[in-house]
J.: 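Please see the structure below; I have some questions.
Just so it is clear, the values below take in all heavy atoms, side chains as well, and ignore hydrogens, waters and symmetry mates.
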Amino acid sequence: MALSPLNQYRWKIFKKNKRSFLSLRFFLVLFGLSLMANFIANDKPLFVHYDDQFYFPIFKNYPETIFGGDLEITADYRDNYIKEKIEKKGWMIWPPIPYNYDTVNYNLDKPVPSSPTTDNWLGTDDQGRDVLARLIYGFRLSVLFGLTLTIIAGFLGVMIGGFQGYFGGKFDLITQRITEVWMSLPLLYMIIILTSFIKASFWWLLIILVFFKWTALVFVVRAEFLKARNLEYVKAAQALGAPRRLILWRHMLPNAMVAALTMLPFVLNGAITTLTSLDFLGFGLPPGSASLGELLSQGRNNIHAPWLGISGFVALALLMSLLTFIGEGIRDAFDSRKIRKI
């Protein structure tokens, strides 16, 4: 679908900001690679050729009896016994990193956490798990969690803020006070209380944070709707009897979305930071999950293993910096003063 002339101008402005444009490309490359984490870091081969048959362990679990084993359990391809069975009648192709995020390396010749080697490029954590594999999966988890939270919370914030700005009056006054009270609730303490009743998981944590993050766009969207409802074309649509939903959707929302879109990268940044902070403090995802915050926590608890803290810090700092630079580029692209100069 072709872009409108206005959006083409905005894209040109964004591309002129080389730092933002390069950050977007680099982020998309990293995110794309993280989406393929199962093919990059896994404790199962990409495919196995055995007895003139091809098998794809990444997509399907096979019992070890298929490869000459004795038990009807899922084959452990890292087990020397299964390796020897397969190599007698075939071969395997492994991912570049032969470890999943929860795979424990039992063949270490050093106590855990072990330093970087040719087998574990960034070393292992205090449970013998490969740090690089956990970084890749943790990056994917953090970005997907942040994107999901940003989309849902952004939708709620735009909707509530739009209603406040359009209706005004007592409705705006009451909802504003409710929003201010809700924003004053301490997020960390509320999550500690809630997680004492329920077992933390990806979706439960997402639902809890949505209830606190929807306020991020409310005031910005409300201000845009308050301004837009007094514009002549909106009053003309009301005088002509246009349905209220049409006025909100077609005439007022596009103006409000300009301000909302410039805020979304920073909301995403805050969502990822919140998840990392909760994982660091132990109130986030379940233990064992691939998490940047959990890696930072291990770095704090294992000062003698600096590769843990450094790896987590570099990954998080890089991700936050890229999102911040992208947000700055989007903000400039939607700046009406710069569009007039083109």
J.: After noting the C-alpha distance and the side-chain angles of F26 and L318, does the key distance pass the side-chain contact (heavy atoms from CB on, under 4.5 Å) rule?
T.: CA-CA 10 Å; F26 192 32; L318 176 62; 3.9 Å; yes
J.: Are L28 and L319 co-members of a hydrophobic cluster defined by side-chain heavy atoms under 4.5 Å apart?
T.: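 Yes, same cluster.
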J.: Scan side-chain atoms only and decide if K213 and T274 contain a donor-acceptor pair under the 3.5 Å cut-off.
T.: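 There is such a pair (donor and acceptor under 3.5 Å, judged by atom type) between the side chains of K213 and T274.
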J.: Between L71 and T65, is any pair of side-chain heavy atoms under 4.5 Å apart?
T.: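 SC-SC contact between L71 and T65 ruled out.
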J.: Is a side-chain donor or acceptor of T276 paired with a backbone partner of L292 at a separation under 3.5 angstrom?
T.: no
J.: If you compare all heavy atoms of V221 against all heavy atoms of A260, which two are closest, and at what distance to 0.1 Å?
T.: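 So the two residues come closest at CG2-CB, 4.3 Å.
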J.: Taking the side chain as every heavy atom from C-beta outward, state whether Q176 and R222 have any atom pair closer than 4.5 Å.
T.: yes
J.: Do N42 side-chain atoms and K44 backbone N/O form a donor-acceptor pair below 3.5 Å?
T.: yes
J.: Is it the case that over 12 heavy atoms from other parts of the model lie below 6.0 angstrom from the NZ atom of K83?
T.: yes
J.: Determine whether a donor-acceptor pair (N or O, by modelled atom type, separation under 3.5 Å) exists between the side chain of D125 and the backbone of G128.
T.: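 Answer holds: yes.
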J.: Does a side chain donor of either T179 or T215 reach within less than 3.5 Å of an acceptor in the other side chain?
T.: no
J.: For the residue pair F21 and F14, categorise the inter-ring angle as parallel (less than 30°), tilted (30 to 60°) or perpendicular (more than 60°).
T.: perpendicular
J.: Mind checking whether V210 and F202 sit in one hydrophobic cluster, side chains of I, L, V, M, F, W, Y counted as touching below 4.5 Å?
T.: yes
J.: Check the side chains of N269 and T324 for a donor-acceptor pair under 3.5 angstrom, ignoring hydrogens and angles.
T.: yes
J.: Specify the closest pair of heavy atoms between R331 and T262, including all atoms of both residues, with the distance to one decimal.
T.: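 What the structure gives for the nearest pair is CA-CG2, 3.8 Å.
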J.: Just wondering, do L206 and F145 contact through their side chains at under 4.5 Å, heavy atoms?
T.: yes
J.: For the atom pair CD1 (I13) and OG (S20), what is the distance rounded to the nearest 0.5 Å?
T.: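 Rounded to the nearest 0.5 Å, the CD1-OG separation comes to 12.0 Å.
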J.: Are the side chain of W307 and the backbone N or O of S114 linked by a donor-acceptor pair below 3.5 Å?
T.: yes
J.: Looking at every heavy atom in both L135 and A315, which two are closest together, and how far apart are they?
T.: CD2-CB, 3.7 Å
J.: On the 0 to 90° scale, with breaks at 30° and 60°, tag the Y77-F67 ring pair as parallel, tilted or perpendicular.
T.: perpendicular
J.: Centre-to-centre under 6.0 Å for Y166 and F225, is that the case here?
T.: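 No, the ring centres sit 6.0 Å or more apart.
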J.: Is any side-chain heavy atom of D130 closer than 4.5 Å to a side-chain heavy atom of T103?
T.: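 D130 does not reach T103 side chain to side chain.
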J.: Is there a donor-acceptor contact under 3.5 Å from the side chain of N105 to the main chain of N107?
T.: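 Yes, the answer is positive, given that a donor and an acceptor are paired below the 3.5 Å cut-off.
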J.: Measure the shortest side-chain to side-chain distance between F163 and D172 over non-hydrogen atoms and say whether it is less than 4.5 angstrom.
T.: no
J.: Strictly by modelled atom types, are Q164 and T175 linked by a side-chain donor-acceptor pair under 3.5 Å?
T.: yes
J.: Looking only at heavy atoms, which two atoms of P57 and P45 are closest? And how far apart?
T.: CD-O, 3.6 Å
J.: I'd like to know whether CE of M263 has more than 12 heavy-atom contacts from other residues, nucleotides or ligands below 6.0 angstrom.
T.: no
J.: Is the shortest side-chain heavy-atom distance between L285 and L141 below 4.5 Å?
T.: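 Of all side-chain heavy-atom pairs linking L141 with L285, at least one is under 4.5 Å.
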J.: Any non-hydrogen side-chain atom of I136 less than 4.5 Å from a side-chain atom of Y101?
T.: no
J.: Honestly curious: do F31 and V29 fall in one hydrophobic cluster under the side-chain, below-4.5 Å linking rule?
T.: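 Yes, one cluster joins them.
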J.: Please walk me through it: do F54 and F59 pass ring pair (Phe, Tyr, Trp, His ring centres under 6.0 Å)?
T.: CA-CA 12 Å; F54 282 100; F59 300 105; over 10 Å; no
J.: Quick check: does any side chain N or O of W182 sit under 3.5 Å from a backbone N or O of F211, one acting as donor and the other as acceptor?
T.: yes
J.: Charged N to carboxylate O under 4.0 angstrom, E64 versus K85?
T.: no
J.: Mind checking whether M183 and I178 sit in one hydrophobic cluster, side chains of I, L, V, M, F, W, Y counted as touching below 4.5 Å?
T.: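 No.
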J.: Might you confirm whether atom CZ of F155 has over 12 heavy atoms from other residues, nucleotides or ligands at distances under 6.0 Å?
T.: no
J.: Going through the checks in order, is the side-chain contact (heavy atoms from CB on, under 4.5 Å) test met by L295 and D279?
T.: CA-CA 9 Å; L295 185 60; D279 289 335; over 6 Å; no
J.: Do P265 and L323 have side chains that get closer than 4.5 Å, going by heavy atoms?
T.: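 P265 vs L323: side chains apart.
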J.: Around atom OH of Y62, are there more than 12 heavy atoms from other residues, nucleotides or ligands closer than 6.0 Å?
T.: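 Enclosed: over 12 neighbouring heavy atoms sit under 6.0 Å from OH of Y62.
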J.: Would you check if there is a donor-acceptor pair between the side chains of R140 and N38 at a distance under 3.5 Å?
T.: yes
J.: I'd like to know if the side chain of S142 reaches the main chain of F139, judged simply by a donor and an acceptor atom lying under 3.5 Å from each other, with no hydrogens or angles considered.
T.: no
J.: Evaluate whether atom CZ of F219 has more than 12 neighbouring non-hydrogen atoms of other residues, nucleotides or ligands under 6.0 angstrom away.
T.: yes
J.: Give a yes or no answer on whether the side chain of N302 reaches the backbone of H304 with a donor-acceptor pair at less than 3.5 Å.
T.: no
J.: Should the pair F47 and F56 be assigned to parallel (<30°), tilted (30 to 60°) or perpendicular (>60°) ring geometry?
T.: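 Plane angle between 30° and 60°, so tilted.
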J.: Test salt bridge (charged side-chain N to carboxylate O under 4.0 Å, His left out) on D102 and R129; report intermediate values, then the result.
T.: CA-CA 6 Å; D102 57 352; R129 299 170 299 190; over 6 Å; no
J.: Please report the shortest heavy-atom distance between L268 and V143, naming the atom on each side.
T.: CD1-O, 4.5 Å
J.: Take atom CZ in F313; do more than 12 heavy atoms of anything else shown fall under 6.0 Å from it?
T.: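 Incorrect, the count does not exceed 12.
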J.: Are I310 and L122 close enough, and set up right, to give a side-chain contact (heavy atoms from CB on, under 4.5 Å), and what steps lead you there?
T.: CA-CA 10 Å; I310 293 174; L122 293 180; over 6 Å; no
J.: With distance as the sole test, does S311 use its side chain to make a donor-acceptor pair with the main-chain N or O of L308 at under 3.5 Å?
T.: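 Flag not set: sc S311 to bb L308 has no pair under 3.5 Å.
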J.: Check the pair Y81 / D76 against side-chain hydrogen bond (donor to acceptor under 3.5 Å, both in side chains), numbers first and verdict last.
T.: CA-CA 9 Å; Y81 175 72; D76 180 5; over 6 Å; no
J.: Is there a chain of hydrophobic side chains (I, L, V, M, F, W, Y, each step under 4.5 Å between heavy atoms) that links I73 to I82?
T.: no
J.: Without swapping roles, check the side chain of S297 against the backbone of G293 for a donor-acceptor pair under 3.5 Å.
T.: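 No: the side chain of S297 does not pair with the backbone of G293.
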J.: Can you confirm whether R25 is buried at CZ, in the sense that more than 12 heavy atoms of other residues, nucleotides or ligands lie under 6.0 Å from that atom?
T.: no
J.: Can you establish whether the number of heavy atoms outside W94 located under 6.0 Å from its atom CH2 is more than 12?
T.: yes
J.: Before giving the answer on side-chain contact (heavy atoms from CB on, under 4.5 Å), spell out for I97 and W121 the whole-Å C-alpha distance, their side-chain angles and the decisive distance to 0.1 Å.
T.: CA-CA 9 Å; I97 304 171; W121 298 347; 4.3 Å; yes
J.: Testing the basics here: between P98 and P96, what is the closest heavy-atom pair and its distance to 0.1 Å?
T.: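 Heavy-atom minimum between the residues: CD-O, 3.6 Å.
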J.: Parallel, tilted or perpendicular: which fits the ring planes of Y50 and Y55, with parallel below 30° and perpendicular above 60°?
T.: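 Plane angle between 30° and 60°, so tilted.
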J.: Whether R19 engages the ring of F325 as a cation-pi pair (distance to the six-membered ring centre under 6.0 angstrom, angle to the ring normal within 45°) should be assessed.
T.: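 Yes; both conditions hold, so R19 lies above the ring face of F325.
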